[in-house]
Amino acid sequence: MSSSHLPATTDSIAQALEAKTPSEAISILYRVLENPSSSPDALRIKEQAITNLSDLLRQENRAEELRSLLTQLRPFFALIPKAKTAKIVRGIIDDVAKIPGTSDLQISLCKEVVQWTRSEKRTFLRQRVEAKLAALLMENKEYQEALNLLSGLIKEVRRLDDKLLLVDIDLLESKLHFSLRNLPKAKASLTAARTAANAIYVPPAQQGNIDLQSGILHAEEKDYKTAYSYFFEAFEAFNALEDPRAVFSLKYMLLCKIMVSQADDVAGIISSKAGLQYVGPELDAMKAVADAHAKRSLKLFEVALRDFKAQLEEDPIVHRHLSSLYDTLLEQNLCRLIEPFSRVEIAHIAELIELPVDHVEKKLSQMILDKKFAGTLDQGNGCLIIFEDPKTDAIYPATLETISNIGKVVDSLYVRSAKIMA
């Protein structure tokens, strides 16, 4: 970086744009920023230079330089309005976020900015950077620190009645409580976010976020039909914005279809006009699970888990529902295997399903208790005895109804006789 500064003019910006290499352009822009002039035109040119420089450093993955740039610009921030300062600071933080593998750097950068905004009394900027910091801490699985940060921030923002920021914070708090498996508090925070959102205009992306979180919470409560409708709303919002989160909303829609035993609908949704735009590993994973579910095949299910580990087991939302889906598949598989028999060895069923005998025996016992089928376990002989479904005899309900009616007649006659005697 050269020590001599360049004039803060559009010619200098044009010179940077025409530079042959990114390094040369970066050097020119640094020299523009070193210009001591503070005239309105110079400040405007410097703002443009900062935006261009930030973009170039991001493209070159020079995260540390972006961090030092923020520190270097502090004297410049004293010369421009606070709103423009907030825009530039948040823009640079967002540029650092776009560089892969910088989560720790982002956290330390946000903490530095928060300290600086406190000393400069820039409340508006501090609150937004603290919200960003809490989101980064959540991604880093530092849930308790993120909650402690949010608890103070929420009180402060409620006093100021900044509804748009309040929606962001309440939604983030809901995600944090969900990560800590505290569903009642997650639902309460989501309700608070919805209440704040109803009072203002919410950008479509944020509305999509709210719907996505609503779907996740309903799915956690096994209300898959309601969850599907929320995921569909989120998908429509993200799809219209061409947001990459659309594919995850679609993936969770397919998960809901599978969980309510409507796996046949999955192929239709994927082959629809909207679904075809997002064909890839995420949807292939759900299609593989749907095929396994439709064929009631545990083996195909395990193959899907192995082939699409990143899309299924490493997705925390899908992973939460895989164990119950596995149980459902195991039950369906066992029902299919015992259908032809009235008496069968448990070891034979275990051999057919390729699972340990004690695991199969335990599951069969649970299914009998849950009245999934009528039968009993003969543990002495290691056999399962299946009964035919008992046919309900209509005479018993009819008899009970007759006795009930006779009781009413007797009660009525007793009341009449009591009146006559009186």
Side-chain angles (χ1 to χ4, degrees), residues 183 218-228 254-268 286-306 312 318-408:
L183 281 183
H218 279 284
E220 193 65 24
E221 294 180 323
K222 312 290 183 197
D223 184 2
Y224 294 111
K225 287 187 178 178
T226 308
Y228 179 88
L254 300 179
L255 176 68
C256 291
K257 283 291 182 186
I258 294 166
M259 296 306 291
V260 293
S261 301
Q262 292 177 3
D264 296 339
D265 294 350
V266 168
M286 299 315 296
K287 192 173 187 301
V289 172
D291 289 342
H293 190 277
K295 292 173 183 174
R296 298 193 292 186
S297 169
L298 271 182
K299 198 163 187 178
L300 285 175
F301 184 72
E302 285 168 358
V303 167
L305 285 182
R306 189 176 64 247
L312 298 175
V318 174
H319 183 65
R320 290 185 202 281
H321 301 279
L322 282 180
S323 57
S324 63
L325 186 60
Y326 182 84
D327 276 349
T328 305
L329 271 175
L330 181 55
E331 286 178 8
Q332 290 178 346
N333 235 20
L334 287 170
C335 287
R336 180 168 60 85
L337 289 173
I338 65 176
E339 270 172 4
F341 301 105
S342 58
R343 182 185 180 93
V344 61
E345 288 185 358
I346 297 168
H348 179 62
I349 297 172
E351 189 183 329
L352 289 173
I353 205 167
E354 298 175 2
L355 285 173
V357 175
D358 57 338
H359 183 55
V360 172
E361 187 176 330
K362 186 180 176 184
K363 188 64 189 174
L364 287 169
S365 170
Q366 185 187 329
M367 288 170 71
I368 291 167
L369 290 170
D370 291 343
K371 297 185 178 176
K372 296 288 169 72
F373 67 90
T376 186
L377 289 171
D378 183 351
Q379 288 179 312
N381 296 316
C383 287
L384 170 69
I385 301 164
I386 300 109
F387 306 138
E388 287 185 19
D389 289 335
K391 292 178 182 176
T392 53
D393 198 334
I395 193 166
Y396 295 112
T399 306
L400 286 170
E401 192 181 347
T402 305
I403 292 168
S404 173
N405 289 336
I406 290 169
K408 288 176 186 175

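Positions are given from 1, in the same order as the sequence printed here. All values below were derived from every heavy atom in this structure, side-chain atoms included, with hydrogens, water molecules and symmetry-related copies excluded.
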Start with the C-alpha distance between F341 and H348, add both sets of side-chain angles, then the distance that settles side chain to side chain contact (heavy atoms under 4.5 Å, CB included), and finish with yes or no.
CA-CA 11 Å; F341 301 105; H348 179 62; 4.2 Å; yes

Please find the pair of heavy atoms, one from S365 and one from L377, that lie closest to each other, and give the distance.
CB-CD1, 3.7 Å

Indicate the atoms forming the closest heavy-atom contact of R336 with K295, along with that distance.
NE-O, 4.2 Å

Rounded to the nearest 0.5 Å, what's the gap from NZ on K372 to CD on E331? Could you check?
3.5 Å

Establish, from distance only, whether the side-chain atoms of E361 and Q379 form a donor-acceptor pair under 3.5 Å.
yes

Can you confirm whether M367 sits close enough to K363 that some side-chain heavy atom of one is under 4.5 Å from a side-chain heavy atom of the other?
yes

Should we say atom CD of E401 is surrounded by more than 12 heavy atoms from elsewhere, each under 6.0 Å from it?
no

Would you name the heavy atoms of A288 and A304 that are closest together and state the gap between them?
CB-CB, 3.7 Å

Would Q262 and C256 satisfy side chain to side chain contact (heavy atoms under 4.5 Å, CB included), going step by step from the backbone distance to the final call?
CA-CA 9 Å; Q262 292 177 3; C256 291; over 6 Å; no

Taking atom NZ as the centre, does K225 end up with more than 12 heavy-atom neighbours from other residues, nucleotides or ligands that are less than 6.0 angstrom away?
no

Heavy-atom side-chain proximity of V260 to Y228 below 4.5 angstrom:
no

Checking side-chain polar atoms at under 3.5 Å, does H321 have a donor or acceptor matched by the opposite partner on Y224?
yes

Measuring from L255:CG to R320:CZ, what's the distance to the nearest 0.5 Å?
12.5 Å

Just to verify, what does D378 make a salt bridge (charged side-chain N to carboxylate O under 4.0 Å, His left out) with, not counting sequence neighbours?
R343

Rounded to the nearest 0.5 Å, what separates atom CD1 in I349 from atom CG in L334?
7.0 Å

Please evaluate residues L300 and D291 with respect to the criterion side chain to side chain contact (heavy atoms under 4.5 Å, CB included), reporting the C-alpha separation (whole Å), side-chain torsions for both, the decisive distance (0.1 Å), and the verdict.
CA-CA 8 Å; L300 285 175; D291 289 342; 5.5 Å; no

Validation row: V344, I386 side chains within 4.5 angstrom (heavy atoms)
yes

Apply side chain to side chain contact (heavy atoms under 4.5 Å, CB included) to residues K362 and D358 and explain how you reach the verdict.
CA-CA 6 Å; K362 186 180 176 184; D358 57 338; over 6 Å; no

May I ask you to test the V318-V289 pair for a side-chain heavy-atom distance under 4.5 Å?
no

Kindly write out the residues that satisfy salt bridge (charged side-chain N to carboxylate O under 4.0 Å, His left out) with D265, not counting sequence neighbours, or none if the list is empty.
K257

Within-4.5 Å side-chain heavy-atom neighbours: L312 and H319
no

Are any side-chain N or O atoms of T399 and backbone N or O atoms of I395, one a donor and one an acceptor, separated by less than 3.5 Å?
yes

Separation of I368 CD1 from L384 CG (nearest 0.5 Å):
5.5 Å

Any side-chain donor near an acceptor of the partner, T402 and N405, under 3.5 Å:
no

Validation row: H293, S261 side chains within 4.5 angstrom (heavy atoms):
yes

Looking at side-chain heavy atoms only, is the closest gap between K287 and L254 below 4.5 Å?
no

Quick check: are there more than 12 heavy atoms from other residues, nucleotides or ligands sitting under 6.0 Å from CD of E351?
no

Taking all atoms of both residues into account, what is the closest heavy-atom pair of A294 and D264, and its distance?
CB-OD1, 4.1 Å

About how many Å separate CD1 of I385 and CD1 of I338, when rounded to the nearest 0.5 Å?
12.5 Å

Within a strict 4.5 Å, meaning less than it, do heavy atoms of the L364 and F373 side chains meet?
yes

